[in-house]
Every structure is written in structure tokens, then in C-alpha cells.
Amino acid sequence: MEQLLQVNNLVTQFRTAEDNLTAVRGISFSVNKGETLCIVGESGCGKSITSLSLMGLLPSNGSISSGSIKLNDEELTSKTEEELRRLRGNKMSMIFQEPMTALNPVFTIGYQLREPLMIHRNMSKREADVKALDLLNQVGIPDPKKRLKQYPHELSGGMRQRVMIAMALACKPSLLIADEPTTALDVTIQAQILDLIDDLKQELDMGVIFVTHDMGVVAEIADRVMVMYAGEVVEVGEVEEVFNAPKHPYTKGLLASVPNVDDEFHQLESISGSLPNINEKIDGCRFHKRCPLATDQCREQSPPIFSVSETHQSKCWLQQEVTENDKSTATS
Amino acid sequence: MTNQQPLLEVKNVKKYFPIKSGLLKRTIGNVQAVENVSIDVYEGETLGVVGESGCGKSTFGRTVLGLEDLTDGSISFRGEEIGGLSERKLKKFKREMQMIFQDPYASLNPRQRIGDALEEAFIIHTDLSKKERVKRVKALLNEVGLKEEYYERYPHEFSGGQRQRIGIARAIALNPSFIVCDEAVSALDVSVQAQIIKLLKKLQQSHQLTYLFISHDLGVVRHVCDRVLVMYLGATAELATSDQLYKNPLHPYTKALLSAIPRPIPGRKKERIRLEGDLPNPSNYPKGCPFHTRCPLATEQCKQERPEWREVEDGHFVACHEV
């Protein structure tokens, strides 16, 4: 598979009156064409900031302090605001959690759908109108002609999210970033939207980054999963590997705390404590305070990333033993 | 459980919100938020209420607590009618019936210390001295797993999970017997959600609480509830024990709802029942079965006649012509 996006040692910081806060701490990952990467973690773990960093949409006090982001071998971190604007909505697009705040309430759906086409594709208003109708059809909106003349408040939540998706896909981007696009929707509507994103991904051979905290959604749509904790990637791998044989204690905890619909005897486990404060100084592994397996080594030294398999990595000291045992058996 | 006296009896409850328009503000129609709901809630059980947003589950919870006026029907608590009581007469029941909200931050005064906020219930409903009240508040904080020192703190200093603990402390302050949990764990991360569910279960044991657990998350409901009521567009679609409902759902809406939940098992074959479209607008209530506009099994009869609420097996109620 062809590589689409390559992120290396990305560090994102926020300037505040007292201090520089680090929200994303040197993460690296990649996305291939036609692949869905899910980023999971608790709120505040840096998953949304990661996606905003990729889009160049960080709030004014935030900035990428080091690292590189390459989309189709083009470096994004050195681009000017103007150059980024030409990419956004064109080569890469984003869908947000709450479509009502992302759509402009004083313009019609049609106007907002035509806009990216007229800007990025130099279409005339009439051409764009035809294409907009096409797009609404593609995302399964009934009676699209009428919808083009309507305003966002006249649509239901699921319908608005479809319009957002149509807008994001207007210019056939190669990368789609979806930040909790179904969290505010009901399950029946969520199912419709997930199917839609999956269908369109295959049709357009897009790379998709899907940010969510719902493990059920991850299992449905992800090819690969990346688990984040307190600004770091703690585990990454193919979805079967991570769900069937999680290696990091945090991933295990997350999976055990999801209530199981099909099993009445399922014992719910919780992870004790909560996410550390963003400015809290933590020695050693950032998860050790909540980890049931923490050792002295975990409290003192931050673990490097260990490979479980070619596609599966975990940032945990416990993995070291396993990896070394494997090596010794391999050499002997 | 079925032969005991219900703690709460809800009969044919309707809640309509009038739509007013024009110069004289005449009522031109109604939003039928709760449409003819009848149900008994038994002492010590957790009754789940599920459905999509806009199905009237929150309005139902608020109506039961007397926070909304009844349009029609009756509600009795321990055999006493409480529907339509005046605010003053309702006060004695309010000690017994409490509510936990989705976002406790919205219901806490940002300039009031947590201790003071919790103390208010005791000031209004008891004649304890200041010293005793402070003691009670600290005991409460302990009970919900917070430190006594938090008495001095303000709402913004707490995390989401801790705030929900405060919301729970406030609800159990006066030793109520009945609590409506309106999406009480929906806004929390899964790891924290599991902590709060455990706390709710512990308190149910120690305080003999009865919960009306309103949620859109069917996974959580299965885990928490003894019986589950499925609502659609203000009306009751199905009622059964959790086991019956999840193993043998009868109403086509329940089936679709259950099949739409994403399971955390990768590679599982999807056998989804696709529902087309959205919830109809409750101000323009469909004739016949409220679900017929989206139902894959709808017949001519469904479009004309409202299905009756009938018991198909022991304790398993459903409103559908096709079952």
C-alpha cells in the first residue's frame, strides 16, 4: 500500500501566561492510502490536538514546536498560512463533532457546498451547483434540490453531519480527518454515517484518520488503531492485534471498561484515577500512577517503544521482557 | 418483584407542549413529547429508559418528578397521587425523589464552594445546626469517594468524573428512595464511566435506592438495569427485563436499535437492520403506529391504527401489530 501521510516526532505546545504546555509529546505515525487509522484515548489525551496540528488549525496560542508532517511527501510544517489554506478542503479535509457549529447559520447549504468547489476547482456558480447536487445525492440526502436552498437549522443532526461530509469530500481529498463525527448522533444514525464514510473511503481511495473514544466504533471501521495517553502514543497496531491481544495496560484497561451489550455476566473494570494534568511533571512512564503493574523502573524511566510484531508497537517496559525472551529463543 | 406494591405508578401520562403563534399567542398545535405512557416502578429496581434523542425520555423523567406539569394521566408515589400537586405540597415528596443530571457543572454555581452547595439541601429540608450540617456534608463527600478537604473547593477545580460524584452526593443528601439518573454517565470517558456505574450500584445497595436510569447507551443500560423500557417518539415501544429485551427483542425498533450498536469486536460480521431517515417531528405526530414511517415491516394497518400496549409473555410488553 502506498504511504499517504507520515508524521515524525510531532510536538505541539501551547503558550500560556505562566508556562509552555506540551499537549502532544513527540508522536510518530503514518497513514496509507485507502486505510482508516483510529485514534483513541480519554478526553484530554491529545487526540484532537493531533488532528488540528495536521490541518494547521491550532488555536492562536498553539504551535508545532518540532517534528515533521508529510502529506504525499510534501512537508506541511514549513508551509505558510496561505499555502495551507490551498490544501485544506482540497487535499485534506476535516469533519467535526458538532456540525451545527461548523456550518455557517446565515448561508444556505447550497452556498456552503459551492464555496470549496469555486475556490479550489475554479468552477462557475452553475457548475458548482450541479456538483453540489451530486454530492448531496452521494451522501444519501433525500430531496437534495430542496436541501440546497435550506439553512443549517432546518436540518436534523444526522442530515447536518451528511452535509459536512459532502462539503469535506467536495474536492476529493486524499486525507480525511474525522474528529468524533458520530459522538453527538444516535446509534441508528451513527450506523448510517459510519457506513457512508466507509463506502466513500473505498470509492475515493482516501486515507482516513478517525478520532473517537468509542471502542465499538473503532472495531467497526478501523484498519489500524493508535491509542494515546497524556500526549503520547502508547500502543499502535492493526485493529485485530490491538483488540484481541492488547499489550499496554492502558489499552487493556480501556477495553475492559467498555460495557458489553451481548454478555450479561461481563464484569466492568475501571481504570483508577484520572488523566494527569497537562502541566503535571511526571517522571518515568506517564501512565505509572494509574497502572496496576507499575514497577520501580516504570516510576523512574520513560519506556521506549517496543515492537510486538512488524505492525504492532507498545510503549511499556513490560514488553521488554517479552521482546527479549523472543530474541533469545530466536537466537538459541 | 412483580407481586409487590409498586413504588411509583405511572398511568396514561401525557405531556404536550403547546405551540403558540400569532398576535394573540393562540395555541396552534402541540409537541407531543410524552404520549400515553403507563408503567410501574418497583422498590429497589433499576428501570432503564432508552431511545433516540427527542424520543421524550428526559421529559418523561422530569414529568415523573413533578418538574413539568402533567397534561393528562396520573402519577402516584407509594400509593399517593402526586400529579398536579402544588409546589408546597410537593415539597415533602421532593426529599424522596431526586435527580442526577448529565452535566453537573451546568447545575453547580461556579462561585459557590462545593461544601456550601451540598449544605443547601440540609438548610432547606432539615433543622440541623451549622456544625451538624458540615459534618453531614463531609460524610457525604466520603461516601461518594471524594476527600473531605474538597469542601473548600470550587466546581472548576474538579474533573468531569469528580463533578458527577458531587452531583450524586447532592442527590443522595436527604436519603431519597427514588432517583432519576438522566444520562448520568453519558458525558464521561469509559474508564471514568465504569467508576461512576460502580458507585451508583454501591449506593443502591447501601441506601435501598430505586433508579429510573435514562440513557441512550444500550451497553450501559444492559449493565445497570433490571428492566428496560424502550421509547419511540414519546410512546412506549417495548418493556421487558434486560435479559428478555437483549436476548429476544420483539419490537422492530428495538431490534434495529440493538443491531446498530457498534460492538468492540473487530471483524464481526455486520447484520445491521438499516433504519432509513430520522425521527419524525413530534409536533406533527404520525397517525397509527408512531414508528410506521421508518419500520421495515409496516403494513396498511400500522398506518391507520395505533397498536395497543399488550403483554406478550410474562412481564414483556410490546406495542406492535406485527408481533
Side-chain angles (χ1 to χ4, degrees), chain A residues 40-45 140 142 155-159 182 184-192 194-195 212-223 225 238-244 250 253-264 266-275 277 290, chain B residues 50-55 145 158-162 185-199 201 215-224 232 241-243 246-247 253 256-268 270 272-281 294:
Chain A
V40 293
E42 289 169 279
S43 38
C45 72
L155 307 181
S156 68
M159 209 80 97
T182 58
L185 304 174
D186 290 308
V187 277
T188 56
I189 311 292
Q190 166 171 289
Q192 295 171 1
L194 291 181
D195 284 350
T212 181
H213 65 267
D214 187 332
M215 290 306 213
V217 171
V218 176
E220 293 243 324
I221 61 156
D223 296 307
V225 195
E238 283 176 356
V239 65
E240 284 91 0
E241 294 176 314
V242 175
F243 274 63
N244 298 338
Y250 179 63
L254 269 187
L255 286 168
S257 56
V258 181
N260 189 332
V261 199
D262 304 304
D263 179 8
E264 61 197 290
H266 176 75
Q267 274 300 320
L268 216 54
E269 303 285 336
S270 54
I271 306 174
S272 63
S274 51
L275 209 63
N277 219 321
R290 299 174 73 188
Chain B
V50 299
E52 291 173 279
S53 46
C55 76
F158 293 93
S159 69
Q162 286 173 325
V185 298
S186 307
L188 305 171
D189 281 309
V190 277
S191 62
V192 181
Q193 178 176 302
Q195 294 171 9
I196 299 295
I197 290 175
K198 279 186 174 171
L199 175 65
K201 282 189 161 176
S215 176
H216 69 276
D217 187 329
L218 290 124
V220 171
V221 165
R222 159 132 225 193
H223 208 82
V224 175
Y232 186 81
T241 64
S242 299
D243 248 13
Y246 285 86
K247 284 192 184 138
Y253 178 60
L257 212 53
L258 287 175
S259 77
I261 309 169
R263 268 50 170 205
I265 308 159
R268 199 181 69 102
K270 294 175 203 168
R272 246 187 233 148
I273 304 165
R274 258 186 196 242
L275 283 187
E276 299 299 328
D278 298 313
L279 213 61
N281 193 335
R294 297 170 77 192

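Keep in mind that the numbers below use all heavy atoms, side chains included, and drop hydrogens, waters and symmetry copies. Note on naming: letters A, B, ... go to the chains in the order of the sequence lines (proteins, then strands), and numbering restarts at 1 for each one.
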Quiz item: Which bit of B:Ile197 is near chain A, if near means a heavy-atom gap under 4.5 Å: side chain, backbone, both or neither?
Solution: side chain
Quiz item: Rounded to the nearest 0.5 Å, how far apart are OH of B:Tyr232 and CG of B:Leu257?
Solution: 10.5 Å
Practice problem: Return yes if some donor-acceptor pair links the side-chain N/O of B:Ser259 with the main-chain N/O of B:Ile273 below 3.5 Å, else return no. | Solution: yes
Quiz item: Under a 4.5 Å heavy-atom cutoff, which of A:Gly157, A:Ala219, A:Ser272 has the most pairs with chain B?
Solution: A:Ala219
Quiz item: Which bit of A:Gln192 is near chain B, if near means a heavy-atom gap under 4.5 Å: side chain, backbone, both or neither?
Solution: side chain
Self-check item: Exercise: do B:Gln195 and A:Ser270 side chains pair donor with acceptor under 3.5 Å
Solution: no
Quiz item: Relative to chain A, which segment of B:Gln193 carries a heavy atom at a distance below 4.5 Å: side chain, backbone, both, or neither?
Solution: side chain
Quiz prompt | Top contributor to chain B interface from A:Val242, A:Leu254, A:Ile189 [non-hydrogen pairs under 4.5 Å] | solution = A:Ile189
Quiz item: Measuring from A:Asp214:CG to B:Asp217:CG, what's the distance to the nearest 0.5 Å?
Solution: 8.0 Å
Quiz item: Charged N to carboxylate O under 4.0 angstrom, B:Arg222 versus B:Asp243?
Solution: yes
Quiz item: Which bit of A:Val218 is near chain B, if near means a heavy-atom gap under 4.5 Å: side chain, backbone, both or neither?
Solution: neither
